[in-house]
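Here's the structure, in structure tokens; my notes come after.
The analysis underlying the following values was restricted to heavy atoms, covering all of them including side chains, and did not include hydrogens, waters or symmetry mates.
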Amino acid sequence: VKQEGTSSCCAPPHLHSTAFSTNMAFFIEPGSCNMSQLGFLTVVYGFILYQSSGLIAEGSELLLLFPAVAGLVGSVVLPILGAVPDGVMVLFSGLGPDAQSQVSVGVGALAGSTVMLL
């Protein structure tokens with residue numbers, strides 16, 4: 001049971017109550033986390049991204065093993081799979097009330113990730 005007046009990084013403020021709540025919080029508010037919790041979340045998110053990128057790379061290599069579709073996969077599917085995360089990053093950065101300045105952040109992140117790939 002949570003005491004009144006304390007904060008938790010795992011639930012938004014409107015879910016803080018002494019009664020049991022059945023609403024699930026799927027987003028962790030970073031503003032309500034302390035530095036050790038933010039560090040832990042960064043490590044967990046980094047590990048998830050590392051594992052998922054390995055799975056995507058392994059799956060794309062397995063797609064190339066089918067000789068009938070290897071040319072199509074190498075020339076069409078893999079470049080699309082590489083471009084989709086970048087496009088989604090820019091798209092979601094532009095959502096919200098201050099879209100113009102937020103899109104510049106998304107484009108900057110896209111440029112940074114492209115430079116890191118080079």
Side-chain angles (χ1 to χ4, degrees):
V1 175
K2 184 155 178 49
Q3 295 179 357
E4 291 290 329
T6 60
S7 66
S8 171
C9 78
C10 297
H14 68 277
L15 292 181
H16 293 178
S17 67
T18 57
F20 178 74
S21 176
T22 58
N23 294 336
M24 297 288 295
F26 295 108
F27 180 76
I28 297 173
E29 288 289 336
S32 62
C33 295
N34 61 29
M35 290 303 287
S36 62
Q37 290 169 331
L38 285 174
F40 175 74
L41 289 175
T42 302
V43 168
V44 168
Y45 291 157
F47 179 75
I48 290 170
L49 289 173
Y50 174 74
Q51 291 292 346
S52 61
S53 68
L55 291 173
I56 289 172
E58 187 177 322
S60 64
E61 288 178 9
L62 290 175
L63 280 174
L64 291 172
L65 293 177
F66 292 106
V69 295
L72 179 69
V73 168
S75 63
V76 176
V77 176
L78 294 181
I80 289 174
L81 287 177
V84 166
D86 295 334
V88 169
M89 183 170 52
V90 172
L91 173 72
F92 282 114
S93 71
L95 298 178
D98 191 21
Q100 187 171 2
S101 66
Q102 294 298 323
V103 166
S104 65
V105 171
V107 170
L110 173 63
S113 67
T114 304
V115 167
M116 289 299 291
L117 287 174
L118 294 174

Review point. What's the spacing between S52 OG and I48 CD1 if we round to 0.5 Å?
Key: 8.0 Å
**Study point:** Closest heavy-atom pair and its distance - P79, V73
**Key:** CD-O, 4.3 Å
Check your understanding: To the nearest 0.5 Å, how far apart are OG1 in T42 and CZ in F47?
Key -> 15.0 Å
Check your understanding: Does CD in E58 sit with more than 12 non-hydrogen atoms of other residues, nucleotides or ligands closer than 6.0 Å?
Key -> no
Review point. Looking only at heavy atoms, which two atoms of L63 and V69 are closest? And how far apart?
Key: O-CG2, 4.3 Å
Review point. Are I80 and L72 connected in a single hydrophobic cluster, I mean Ile/Leu/Val/Met/Phe/Trp/Tyr linked by side-chain heavy atoms less than 4.5 Å apart?
Key: yes
Practice item. Report yes or no: does Q37 contribute a side-chain atom to a donor-acceptor pair with the main-chain N or O of N34 at less than 3.5 Å? Key: yes
Review point. Does one hydrophobic cluster hold both L64 and V77, with members joined at side-chain heavy-atom distances below 4.5 Å?
Key: yes
Revision key, fill the gap. In terms of heavy-atom contacts, C33 and L41 come closest through SG-CD1, 4.1 Å
